[in-house]
Asks: 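Structure provided below as structure tokens; questions to follow.
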Amino acid sequence: MGTIKIHDKNFKKSISEEEILKRVEAIAREIEKDCKYQNPLFLPVLNGSFMFTSDLMKEITMNCELQFVKVKSYTGMHSTEKVQTLIGADMSVSGRTVIIIEDIVDTGGTIKELVNQLQQFNPNDIKICSLLFKPSKYKGDLKVDYCGFEIPDDFVIGYGLDYDGLGRNLRQIYTVTE
Ligand code: IMP
């Protein structure tokens, strides 16, 4: 399935399942190298990171904990930079190495807000892990510690990412063609 139509837009396959899984495994190795014996707390951001999180966790062999969190920052095809309150994180963050798992970092508004809100729970360290990163859109100054793929400023779907609710179930990443 090289091209697909979702709502009014056409998309073409841009990152294969094989490429994704290879990078996911490499990221897991990097995280284990940095955080072994720290029992890190993974905080995957719903909804977009569910598939990435599932594959990443299968590759992690060290002790770790996981707690899904939720914020809302995006509708349709344009980032609004409007971020709502963080839901799901609690006191278990205190003193921990926390690893935020995102599907994509675009302007960086979401992770900035997340990191700000997490600071109130006094973590020891906060790291950012994102499958995709759009460097040309990024306005933040936080480092993306673990990144799967740097991509151009094009709208993408699949592997957890959606276009108005559709496309999350696709096993590959697709890029809009117009
Ligand atoms: P940021 O706050 O601008 O970095 O946007 C991050 C959020 O916007 C992500 O967690 C996604 O939900 C959404 N987003 C950004 N770019 C895309 C895209 O190309 N496709 C689908 N969702 C996107």
Side-chain angles (χ1 to χ4, degrees), residues 1-17 19-20 23-24 27 31 41-57 66-89 98-120 126-178:
M1 234 189 355
T3 58
I4 51 166
K5 183 161 187 177
I6 296 228
H7 294 305
D8 56 331
K9 304 279 177 208
N10 292 306
F11 295 83
K12 67 170 190 309
K13 188 161 82 180
S14 52
I15 310 177
S16 70
E17 185 179 15
E19 287 173 285
I20 294 170
R23 277 301 297 147
V24 169
I27 291 171
I31 293 175
L41 174 64
F42 287 96
L43 293 185
V45 185
L46 288 170
N47 293 319
S49 73
F50 77 95
M51 209 178 274
F52 177 36
T53 301
S54 168
D55 285 335
L56 184 66
M57 287 302 113
L66 181 141
Q67 190 169 29
F68 280 96
V69 295
K70 186 149 189 161
V71 288
K72 180 115 178 80
S73 69
Y74 212 84
T75 45
M77 291 180 69
H78 298 283
S79 178
T80 59
E81 293 184 32
K82 206 178 111 225
V83 180
Q84 295 174 353
T85 318
L86 167 67
I87 308 162
V98 172
I99 305 173
I100 297 170
I101 306 182
E102 265 284 20
D103 51 355
I104 186 163
V105 173
D106 187 38
T107 63
T110 306
I111 48 164
K112 185 178 174 202
E113 190 59 35
L114 258 169
V115 167
N116 278 346
Q117 294 192 31
L118 277 173
Q119 299 286 12
Q120 69 181 306
I126 301 177
K127 293 182 183 293
I128 297 162
C129 172
S130 183
L131 179 74
L132 303 173
F133 178 44
K134 292 180 181 170
S136 60
K137 288 283 291 296
Y138 191 59
K139 291 194 237 150
D141 46 20
L142 293 166
K143 182 174 166 230
V144 178
D145 300 276
Y146 309 104
C147 166
F149 302 90
E150 291 195 357
I151 60 167
D153 177 18
D154 295 318
F155 192 80
V156 293
I157 56 162
Y159 198 70
L161 293 116
D162 74 309
Y163 172 37
D164 279 347
L166 297 183
R168 293 193 196 278
N169 53 313
L170 298 163
R171 303 171 80 106
Q172 302 94 352
I173 303 286
Y174 289 78
T175 303
V176 74
T177 57
E178 68 272 349

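Whatever order the structure lists ligands and atoms in, that order sets their numbers, starting from 1. Computed from a predicted model, the values in this text were never measured in an experiment.
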Asks: Heavy atoms only, cut-off 4.0 Å: how does Asp162 contact ligand 1, side chain, backbone, both, or neither?
Replies: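 Only the backbone of Asp162 comes within reach of ligand 1.
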Asks: Identify, by atom number and element, the atoms of ligand 1 in contact range of Leu161, meaning under 4.0 Å from any of its heavy atoms.
Replies: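 It comes down to these atoms of ligand 1: 20 (N), 21 (C), 22 (N).
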Asks: So which pairs with a foot in residues 140-152 pass salt bridge (Lys or Arg N to Asp or Glu O under 4.0 Å), sequence neighbours left out?
Replies: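 For residues 140-152, and leaving out neighbouring residues, the salt bridge (Lys or Arg N to Asp or Glu O under 4.0 Å) pairs sorted by first residue read Lys143-Asp145.
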Asks: Can you name the salt bridge (charged side-chain N to carboxylate O under 4.0 Å, His left out) partners of Asp153, sequence neighbours left out?
Replies: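 Salt bridge (charged side-chain N to carboxylate O under 4.0 Å, His left out) list for Asp153, sorted by chain: Lys137.
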Asks: Give the contacting part of Thr110 toward ligand 1: side chain, backbone, both or neither, where contact means a heavy-atom distance below 4.0 Å.
Replies: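 Both backbone and side chain of Thr110 come within 4.0 Å of ligand 1.
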Asks: Quick check on Asn47 - does any of its heavy atoms sit under 4.0 Å from an atom of ligand 1?
Replies: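 In this structure, Asn47 fails to qualify as a contact of ligand 1 - no heavy atom is under 4.0 Å.
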Asks: Relative to ligand 1, is Lys134 under 4.0 angstrom through side chain, backbone, both or neither, heavy atoms considered?
Replies: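 The answer is the side chain.
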Asks: In sequence, state the C-alpha distance, the side-chain angles, and the governing distance for Phe149 and Ile173, and then conclude on side-chain contact (heavy atoms from CB on, under 4.5 Å).
Replies: CA-CA 11 Å; Phe149 302 90; Ile173 303 286; over 6 Å; no
Asks: With the side chain counted from C-beta on, respond yes when Asn47 and Asp162 share a heavy-atom pair under 4.5 Å apart, and no when they do not.
Replies: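 They are not in side-chain contact.
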Asks: Could you tell me if any non-hydrogen atom of Val156 lies under 4.0 Å from any atom of ligand 1?
Replies: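 Heavy atoms of Val156 do come under 4.0 Å of ligand 1.
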Asks: How are the rings of His7 and Tyr163 set to each other: parallel, tilted or perpendicular (split at 30° and 60°)?
Replies: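 Aromatic pair His7/Tyr163 classed perpendicular.
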Asks: Pull out every atom of ligand 1 sitting under 4.0 Å from any heavy atom of Glu102, numbered as shown with elements.
Replies: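 Listed by number with element, the hits are 10 (O).
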Asks: Just jot down the ligand 1 atoms closer than 4.0 angstrom to any heavy atom of Thr107, in number order.
Replies: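 What qualifies from ligand 1 is 1 (P), 2 (O), 3 (O), 4 (O).
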Asks: Is a donor on one side and an acceptor on the other found under 3.5 Å between the side chain of Arg23 and the backbone of Gly148?
Replies: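 Indeed, once roles are kept as given, a pair shorter than 3.5 Å links the two residues.
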Asks: Do the non-hydrogen side-chain atoms of Thr177 and Thr3 ever get within less than 4.5 Å of each other?
Replies: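 No, their side chains stay 4.5 Å or more apart.
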Asks: With a 4.0 Å cut-off on heavy atoms, does Gly48 reach ligand 1?
Replies: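 Distance cut 4.0 Å: Gly48 fails for ligand 1.
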